[in-house]
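The block underneath contains the structure these notes are about, expressed in structure tokens.
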Amino acid sequence: MRSNTSFTIAVLPGDGIGHEVMPPCLEVLRAAVARVGGFGLNFEEHQAGAEIYRDTGNALPKPTMDASRRADAILLGAMGLPHIRYPDGTEIAPQLDLRFEFGLYAGVRPVRATPGVPPVIADPRASDIDLVIIRESTEGLFSSRGKGVIEDDREARDTLVITRGVSERLFDFSFRLAESRNKGGRPRVTCVDKANVFKSFAFFRKIFDERANGFPGVEADHVYIDATALQLVLRPWDFDVLVTENMFGDILSDLGAGLIGGMGYAPSADIGDEHAVFQPCHGTAPDIAGRGLANPTAMFLSAAMMVEWLSERHGIAEAGRAGALIRAAVDRAFAAGDLLTCELGGEAGTREVTQAVLAALDDRALAETAA
Ligand code: ATP
């Protein structure tokens, strides 16, 4: 148990709708902490992203990096803008740099249907969707970022890397997460790969099978990436935890977000052994930025994951309760089915959703978290 129960949070709003979803998220976090009590959050805001790159030539300034390293957790909005690029044409993505710099190998992307949000899939079982995609976030195809080669305008090459060290920690993390989820029935981890074609994925699968032996209470199976795309649309309610390579996880997590209403509902956490970044799965959404239309739910749910991670790491039960409270308030805000966000054709923008969630952060929601 830590004696000082105030956590320092490095707050990096970033670009685009990152600026719009972060302030309401801090409001929701403050309200949840005030309701639960027993611990504090100290927010320190720092600059990172495409706009600061445009102004200074550095997307992740040293003070931001140092503060992020010192902080207990990093809360990130969204970063990158299509019209601001590095000289090689790639986009500014400090969120990727943070993953590499801090070794955040486990990209946790829960895909859970929020009660009351109109289901995208017509089957009534769509309301039971509750799975987690774990995207390896420090190697795979992304290890080629900044290192790809183009020869004579004739041929281009990027290399995918799988290492034993990272894969073992990734799989152990995935099995432990499945054990802790209590989804009902025997927990299951599905390894998503392309082991029928690539040596790198045969190696990935071999390590998965080795690590599965250490978790006899968890079922371990494999599905190829192409079949996973099909099955995630046909029967997503059947999955529990899926673990996969970086690029596959990047793509599948957008598919997952689509299953539950859109990017505005999909939270994420990038977790390493010492540090963690919490941010919505969505990007800066330039098409809707500046219009008050961004759905802040994914940001709220990412913040809930943050306080739950802090709770587990430091043994502060109240922080876990604050996370549960935020999730309960989100569920209650949408439960009646009359809060229809813009990406689903409704009128509710950032302010309306925030007000509804703040109003639902009441004694009833608090009582629900006591169980
Ligand atoms: P990236 O390339 O970083 O993934 P992007 O800007 O290409 O980012 P997203 O920002 O993820 O893509 O957005 C994809 C789509 O989802 C866009 O049409 C955007 O308007 C919508 N969207 C994203 N986030 C939200 C949100 N919070 N609320 C409503 N719509 C969103």
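Read the numbers this way: they start at 1 and go in the same order the structure lists the ligands and their atoms.
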TODO: Kindly confirm or rule out an N or O of Ala285 lying under 3.5 angstrom from an N or O of ligand 1.
DONE: yes
Open item on the list: Test of understanding: clusters of I, L, V, M, F, W, Y form through side-chain heavy atoms closer than 4.5 Å, transitively. Do Ile162 and Phe173 belong to the same one?
Closed with: yes
TODO: Establish whether Phe142 and Leu104 are linked, either directly or via other cluster members, by ILVMFWY side-chain heavy-atom contacts under 4.5 Å.
DONE: no
Open item on the list: How long is the straight-line distance from CD of Gln279 back to CG of Leu76, given to the nearest 0.5 Å?
Closed with: 4.5 Å
Task: Subset of ligand 1 atoms that lie under 4.0 Å from at least one heavy atom of Thr284 - done: 10 (O)
- [ ] Answer yes if the side chains of Ser137 and Arg99 hold a donor-acceptor pair under 3.5 Å, and no otherwise.
- [x] no
- [ ] Would you check whether Gly262 reaches within less than 4.0 Å of ligand 1, judged by its heavy atoms?
- [x] no
Open item on the list: If you count every heavy atom of other residues, nucleotides or ligands that lies below 6.0 Å from Ile150 atom CD1, does the total exceed 12?
Closed with: no
TODO: Nearest 0.5 Å please: distance from the OG1 atom of Thr297 over to the CD1 atom of Ile260.
DONE: 10.0 Å
Open item on the list: How far is atom 26 (C) of ligand 1 from the closest protein heavy atom, and which atom is that?
Closed with: Asn295 N, 3.6 Å
- [ ] Measure the CZ-CD distance between Arg70 and Glu44 for me, rounded to the nearest 0.5 Å.
- [x] 6.5 Å
Open item on the list: To check your reading of the model: name the closest protein heavy atom to atom 30 (N) of ligand 1, its residue, and the distance in Å.
Closed with: Ile288 CD1, 3.6 Å
Open item on the list: Please work out, at 4.0 Å between heavy atoms, whether the side chain, the backbone, both, or neither of Thr341 comes within that distance of ligand 1.
Closed with: neither
TODO: Specify side chain, backbone, both or neither for His282, according to which of its non-hydrogen atoms lie closer than 4.0 Å to ligand 1.
DONE: both
Open item on the list: Can you report which non-hydrogen protein atom sits closest to atom 25 (C) of ligand 1, along with the distance?
Closed with: Ile17 CD1, 3.9 Å
TODO: Please find out if less than 6.0 Å separates the ring center of Phe300 from that of Tyr265.
DONE: no
TODO: Classify the angle between the aromatic ring planes of Phe7 and His314 as parallel (below 30°), tilted (30 to 60°) or perpendicular (above 60°).
DONE: tilted
Task: Which of the ligand 1 atoms, numbered from 1, are nearer than 4.0 Å to a heavy atom of Ala294 - done: 28 (N)
- [ ] Give the atoms of ligand 1, by number and element, whose distance to some non-hydrogen atom of Pro286 is under 4.0 Å.
- [x] 6 (O)
Open item on the list: Given Gly16, Pro280, Gly283, identify the one with the heavy atom nearest to atom 8 (O) of ligand 1.
Closed with: Gly283
Open item on the list: For atom 16 (O) of ligand 1, what's the nearest protein heavy-atom neighbour? Residue, atom name and distance, please.
Closed with: Met263 CG, 3.6 Å
TODO: Quick one: pull up CE in Met79 and CD in Glu51 and give me the separation to the nearest 0.5 Å.
DONE: 10.5 Å
Task: Any protein heavy atom nearer than 4.0 Å to atom 28 (N) of ligand 1 - done: yes
Task: Protein heavy atom under 4.0 Å of atom 19 (C) of ligand 1 - done: yes
Task: Within reach of ligand 1, part of Asp287 (heavy-atom separation under 4.0 Å) - done: side chain
Open item on the list: Protein non-hydrogen atoms only, distance under 4.0 Å: does atom 5 (P) of ligand 1 have such a neighbour?
Closed with: no
